[in-house]
Amino acid sequence: MFLINCPYCGERDQSEFSCGGEAHIVRPKQPTELSDDQWAEYLFMRKNIKGVQFERWNHAHGCRKWFNMVRDTSNDKIHAIYKMGEKPPVE
Amino acid sequence: MKNKYSIFSLIKNAFSQHENWKQAWGDPEPKREYEAIIIGGGGHGLATAYYLAKKHNMRNIAVLEKGWIGGGNTGRNTTIIRSNYLWDASAGLYDHALKIWENLTQELNYNIMFSQRGVMNLAHNLQDVRDLKRRTHANRLNGIDAVWLNTDQVKEFCPIINTSPDIRYPVLGGTLQRRAGTARHDAVAWGYARGADEMGVDIIQNCEVKGIKRNGDQVEGVETSKGFIKTKKIGVVAAGHSSVIANMAGLKLPLESKPLQALVSEPVKPIIDTVVMSNAVHAYVSQSDKGELVIGAGTDAYVSYTQRGSHDVVEGTLKAILELYPIFSRMKMLRQWGGIVDICPDASPIISKTNIKGLYFNCGWGTGGFKATPGSGDLFAHTIANDEPHKLNAAFNLNRFVSGDLVDEHGAAAVAH
């Protein structure tokens, strides 16, 4: 449990947000040409990092907007928050 | 058995003030090479080593544990054992485990305090009723005991439940598996550790794996905090940290690791002699032999390795508990903790080979791995020894995420995962 600084609403309790999992997984441009292995990679395989991880979050009980977050999963410390479409910060 | 526990050994040792009991398992330094290495000295890992030695005659093996035996998720779960899963593959897997549980105390010569006190699952709406009735039919077709109880029978079986129609989620009935129950969780790890040690397995505690050495697509050994150890076969049973180990081998798994919480109350006199679970309101409760209420909460909805959990998750569970059991309203909670569980997209485990030769994974047990401990160890040992799965864990391969042949137990199992 931690505080999240929503880029649109400011600092709010984490329970107002929902996590959309690993960020920057790009939807395949031509799904019809994907092999089963590539589908599995896109749909199911996750880095699940213990350490600094890039994630998507949604302010579900607030502005309902999506944004990205860089968070250390070993201590829940948030390193950066940036809007969708913005370049991820280089650590 | 060189050091059999019995009433006679108890009396004999009483004469020397219980100061001459032999250590239940040794504390060896790692050898330079093993036939197989199990990473993770929890219940599943120790059971794997035990069955590798016992059924497959592999004695030159080691279990590497970064902490101490019984100090991981084995000692954090809520000790519930049941096998009332919907799908055939899951029913086969979990009932295989339940059958081993029934004789495990005798087999290990170690009292795991297995208590078949029954597990009751409550239905709170019409869809619950339909789903749970369907599941009892599926269970019985698979030879698993299950009965449907109406509201009055639920009340009769567990009188402290509030079955008033006025509550927010009224109890419309429930299912009961009488063979289900609980066991003393750390005793399970200790019993398997003692049994494995006796057959020559090296149990190496405080030994953290730092890397996995590969030569092409064949494993060659593990880099540990106690140096490099050579081996041709590695079985990874690292629960919440499975992805961390997988990343060392350059492998990605379909897992997300999340904190799962549980809590216990102050000890009180016997009040609930069974296990009651509710899927819809996510509340489950039983009572330990010490008298504490044992309450399982949910997972946080984001990846975290912090081994604590959010307050709102506990609050949600306790709200549901209070609605169902008004008698608990003045109980004080004594302890709360979180453990990291690795969750698969289909809420079923992975007991599988990988595309790296000699590397095997037993993971993805999510929020419900304890119940499967003996079966999981038995089937994983079979998979490692024969380099192919047993028919009971064939469906739980890693390739199912490529083929699409998932074992979708989300909601199909008796409780939400």
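Per chain, numbering begins at 1; letters A, B, ... match sequence-line order. Everything quoted here is computed from the prediction, not taken from an experiment. Worth knowing before you read on, the calculation uses all heavy atoms, side chains too, and leaves out hydrogens, waters and symmetry mates.
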Criterion salt bridge (Lys or Arg N to Asp or Glu O under 4.0 Å) on B/Asp346 and B/Arg400, from CA distance to verdict: CA-CA 10 Å; B/Asp346 60 355; B/Arg400 73 178 188 266; 2.7 Å; yes

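- For B/Leu406, the part sitting under 4.5 Å from any heavy atom of chain A is the side chain, from C-beta outward, and nothing else.
- Heavy-atom distances place both the backbone and the side chain of B/Val303 under 4.5 Å from chain A.
- Within a 6.0 Å radius of NZ in B/Lys226, other residues, nucleotides and ligands contribute more than 12 heavy atoms.
- For A/Glu55, the part lying near chain B is the side chain, with the backbone staying farther off; criterion is any non-hydrogen pair under 4.5 Å.
- In summary, A/Glu41 and B/Lys252 engage in a salt bridge, as defined by a charged side-chain N under 4.0 Å from a carboxylate O.
- Counting heavy atoms from C-beta outward, B/Val237 and B/Ile39 have side chains that stay 4.5 Å or more apart.
- When side chains are defined from C-beta on, B/Trp337 does not count as touching B/Gln261, because their heavy atoms never get closer than 4.5 Å.
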Sequence neighbours left out, cut at 3.5 Å: what donor-acceptor pairs do the side chains of residues 348-364 of chain B make with other protein atoms?
residue, atom, partner, partner atom, Å
B/Ser348, OG, B/Val407, O, 2.7
B/Ser352, OG, B/Leu398, N, 2.9
B/Lys353, NZ, B/Asp387, O, 3.0
B/Thr354, OG1, B/Ile356, N, 3.2
B/Thr354, OG1, B/Ile356, O, 3.1
B/Thr354, OG1, B/Leu359, O, 2.9
B/Tyr360, OH, B/Asp387, OD1, 2.6
B/Asn362, OD1, B/Trp365, NE1, 2.7
B/Asn362, ND2, B/Ser376, OG, 2.8

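- Looking at B/Asn77, its side chain does come within 3.5 Å of a backbone N or O of B/Thr74 through a donor-acceptor pair.
- In this structure, no portion of A/Ser18 lies under 4.5 Å from any heavy atom of chain B.
- For a residue to count as touching a neighbouring chain, one of its non-hydrogen atoms must lie under 4.5 Å from one of that chain's; by this rule B/Leu255 touches chain A with backbone and side chain alike.
- Proximity to chain B (any heavy atom under 4.5 Å) is restricted, for A/Phe2, to the side chain, taken from C-beta onward.
- Both the backbone and the side chain of B/Asp312 come within less than 4.5 Å of a heavy atom of chain A.
- The residue among A/Arg71, A/Lys47, A/Lys50 with the most heavy atom pairs within less than 4.5 Å of chain B is A/Lys50.
- Of the listed residues (B/Leu253, B/Asp300, B/Asn399, B/Ile340), the one with the most heavy-atom contacts under 4.5 Å to chain A is B/Leu253.
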